[in-house]
Amino acid sequence: MRIARFSIDGNVAFGAVEGAEPDELVLDIIKGIPFADFELSGTKVPLSKVRLLPPVLPNKIVAFGRNYVEHARELGNEVPDAPFAFFKPSTSVIGHGDDIQYPAFSEELHHEAELAVVIGRMCREVPRERVADVIFGYTCANDVTARDVQRREKQWARAKGFDTSCPLGPWVETGLDLATASDLTIQLTVDGGQRQLGRTSEMTHSIADLIVNITEAMTLLPGDVILTGTPAGVGPLAVGDEVAVTIEGIGTLTNKVVKRG
């Protein structure tokens with residue numbers, strides 16, 4: 001099932017996305033919230049009539065860096081022996097169709113296509129054999145990075161945590177099992193031209209590795225997001241660019257880059 005969060009006539013709701021062709025997609029409005037038992041209302045609205053919002057509002061976004069060998073090498077970095085985590089704040093999140101605002105303190109903004117894992121239940125110290133039980137679903141992400149700031153400041157809070165630096169969407173796909181999600185095509189285009197192309201099977205540390213690693217240290221809550229790293233091919237974004245992340249079996253997340261404020 002594809003679960004979207006959307007607004008219509010000033011109201012915010014979740015809905016199950018139905019249909020195959022882009023111009024025929026409809027939302028069956030959900031009674032309740034998707035992280036608990038819910039029912040479909042049977043009330044349907046065309047997707048074209050709503051505004052898609054970020055599919056979740058995470059308490060925290062835990063991101064893992066240098067998790068694809070070729071990406072680490074393209075930036076001259078060593079591949080870490082263990083998962084290498086950092087955080088993006090909840091205020092960095094935007095949805096499909098929202099603008100990425102080019103920060104005034106950077107002159108080198110980069111795209112990074114990523115598979116995002118959405119957590120479905122509160123969990124801590126998750127054993128490897130139970131990882132699938134805590135996953136709600138998967139969505140597309142773009143870990144937008146001020147690369148010059150990242151190099152200059154050494155730590156990544158501003159470089160990866162600025163407002164609009166974490167596009168998520170367009171919805172959460174709940175129908176993928178862990179094995180399938182671990183071998184999906186992931187690609188990114190800028191104005192239709194391909195920049196990144198890889199498979200999630202190329203991760204150095206698997207989805208299970210990442211969840212086991214981070215829950216050794218902290219509790220994850222329903223709606224929290226794990227960013228799993230980016231394949232090679234990262235590169236610059238300019239004002240006016242339209243950037244799209246497409247992941248097999250999930251969908252396409254599209255955003256435009258604009259000048260901030």
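Excluded from the calculations below are hydrogen atoms, water molecules and symmetry mates; all remaining heavy atoms, backbone and side chain alike, are included.
In this structure, the side chain of Gln196 engages the main chain of Ala113 through a donor-acceptor pair within 3.5 Å. Under a 3.5 Å cut-off, the side chain of Arg147 and the backbone N or O of Ser106 do not form any donor-acceptor pair. Checked by atom type and distance alone, the side chain of Arg121 pairs as donor or acceptor with a backbone atom of Asp133 at under 3.5 Å. Judged by distance alone, the side chain of Tyr102 and the main-chain N or O of Leu109 form a donor-acceptor pair under 3.5 Å. Listed for the Thr139 side chain is no donor-acceptor partner under 3.5 Å among the backbone atoms of Ala116. Side chain of Glu70 to main chain of Pro231: no donor-acceptor pair is present (N/O by atom type, distance under 3.5 Å, no hydrogens or angles). Of the possible donor and acceptor atoms, none in the side chain of Ser41 sits under 3.5 Å from a partner among the backbone N and O of Lys31. Between the side chain of Gln155 and the main chain of Ala157, a donor-acceptor pair closer than 3.5 Å is present. Using modelled atom types, no side-chain atom of Thr246 and backbone atom of Thr252 make a donor-acceptor pair closer than 3.5 Å. Panel note: side chain Thr185, backbone Arg199; no donor-acceptor pair is recorded below 3.5 Å.
Side-chain contact check for Asn142 versus Asn255: every heavy-atom pair is 4.5 Å or farther apart. Counting heavy atoms from C-beta on, the side chains of Asp209 and Met203 never come closer than 4.5 Å. Side-chain contact between Ser206 and Arg128 is present, with heavy atoms from C-beta onward closer than 4.5 Å. Taking the side chain as every heavy atom from C-beta outward, Thr145 and Trp156 never approach each other to under 4.5 Å. Looking at heavy atoms from C-beta onward, Asp143 lies out of side-chain contact with Thr230 at the 4.5 angstrom threshold. Taking 4.5 Å as the limit, every side-chain heavy atom of Gln101 sits out of range of all side-chain heavy atoms of Asp163. Two residues are said to be in side-chain contact when any heavy atoms from C-beta on lie closer than 4.5 Å; Leu220 and Lys60 meet this criterion. Between Leu210 and Asn67 the shortest side-chain heavy-atom distance falls below 4.5 Å.
To the nearest 0.5 Å, atoms CZ (Arg5) and CD1 (Ile33) are separated by 12.0 Å. Of the inter-residue distances, the one linking Leu52 atom CG with Leu27 atom CG reads 7.0 Å to the nearest 0.5 angstrom. Here the CD atom belonging to Glu248 is positioned 8.5 Å from the OG1 atom belonging to Thr200, to the nearest 0.5 angstrom. Taken from CD1 in Ile30 to CG in Leu40, the straight-line distance is 6.0 Å, to the nearest 0.5 Å. Here the NZ atom belonging to Lys256 is positioned 13.0 Å from the CG atom belonging to Leu237, to the nearest 0.5 angstrom. For the atom pair Trp171 CH2 and Met1 CE, the distance stands at 14.0 Å (nearest 0.5 Å).
Hydrophobic clustering places Ile207 together with Leu184 (ILVMFWY residues linked when any side-chain heavy atoms are closer than 4.5 Å, directly or through intermediates). One hydrophobic cluster holds both Val243 and Ile186 under the rule that ILVMFWY side chains link at heavy-atom gaps under 4.5 Å. A chain of hydrophobic side-chain contacts below 4.5 Å, direct or via other Ile, Leu, Val, Met, Phe, Trp or Tyr residues, connects Val212 to Met218. Linking Ile, Leu, Val, Met, Phe, Trp and Tyr residues whenever their side-chain heavy atoms come within less than 4.5 Å leaves Ile119 and Ile61 in two separate clusters. Hydrophobic clustering (ILVMFWY, side-chain heavy atoms < 4.5 Å, transitive): Phe38 and Phe136 are in one cluster.
No more than 12 heavy-atom neighbours from other residues, nucleotides or ligands sit within 6.0 angstrom of CD on Glu107. With a 6.0 Å radius and a threshold of 12 heavy atoms from other residues, nucleotides or ligands, Arg130 has its CZ atom at or below the threshold. Few gaps surround CZ on Arg151; more than 12 heavy atoms of other groups in view lie less than 6.0 Å from it. Shown here is Asp81, whose CG atom has no more than 12 heavy atoms of other residues, nucleotides or ligands within 6.0 Å. Counting non-hydrogen atoms of neighbouring residues, nucleotides and ligands closer than 6.0 angstrom, the CD atom of Glu129 exceeds 12 such neighbours. When the shell of 6.0 Å around CG of Asp37 is examined, it contains 12 or fewer heavy atoms from other residues, nucleotides or ligands.
The shortest heavy-atom contact between Ala85 and Ile214 is CB-CD1, 4.4 Å. Asp183 approaches Ser201 most closely through the heavy-atom pair OD1-OG, 2.9 Å. What you find for Pro170 and Gly251 is that their closest heavy atoms are CD-C, 4.4 Å.
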Exercise. Given side-chain contact (heavy atoms from CB on, under 4.5 Å), test Val62 with Leu227 step by step and report yes or no.
Key: CA-CA 6 Å; Val62 183; Leu227 301 187; over 6 Å; no

Quiz item: Where do Arg51 and Asp98 land on the salt bridge (Lys or Arg N to Asp or Glu O under 4.0 Å) test, with the steps shown first?
Solution: CA-CA 10 Å; Arg51 178 192 170 200; Asp98 292 336; 3.0 Å; yes

Practice problem: Would you please test Thr164 and Val144 for side-chain contact (heavy atoms from CB on, under 4.5 Å) and show each step? | Solution: CA-CA 8 Å; Thr164 76; Val144 184; over 6 Å; no

Practice problem: Given side-chain contact (heavy atoms from CB on, under 4.5 Å), test Met122 with Thr219 step by step and report yes or no. | Solution: CA-CA 7 Å; Met122 186 169 66; Thr219 299; 3.5 Å; yes

Exercise. Show your working on side-chain contact (heavy atoms from CB on, under 4.5 Å) between Val149 and Phe162 and close with a plain yes or no.
Key: CA-CA 11 Å; Val149 178; Phe162 61 89; over 6 Å; no

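Remark: Asp241 engages no residue in a salt bridge (charged side-chain N to carboxylate O under 4.0 Å, His left out) (not counting sequence neighbours).
Looking at Val93, Leu253, Val225, Val172 one by one, the single match for side-chain contact (heavy atoms from CB on, under 4.5 Å) with Pro55 turns out to be Val172.
Taking the six-membered ring where tryptophan is involved, the planes of Phe14 and Phe35 are perpendicular, since the angle between them exceeds 60° and thus also 30°.
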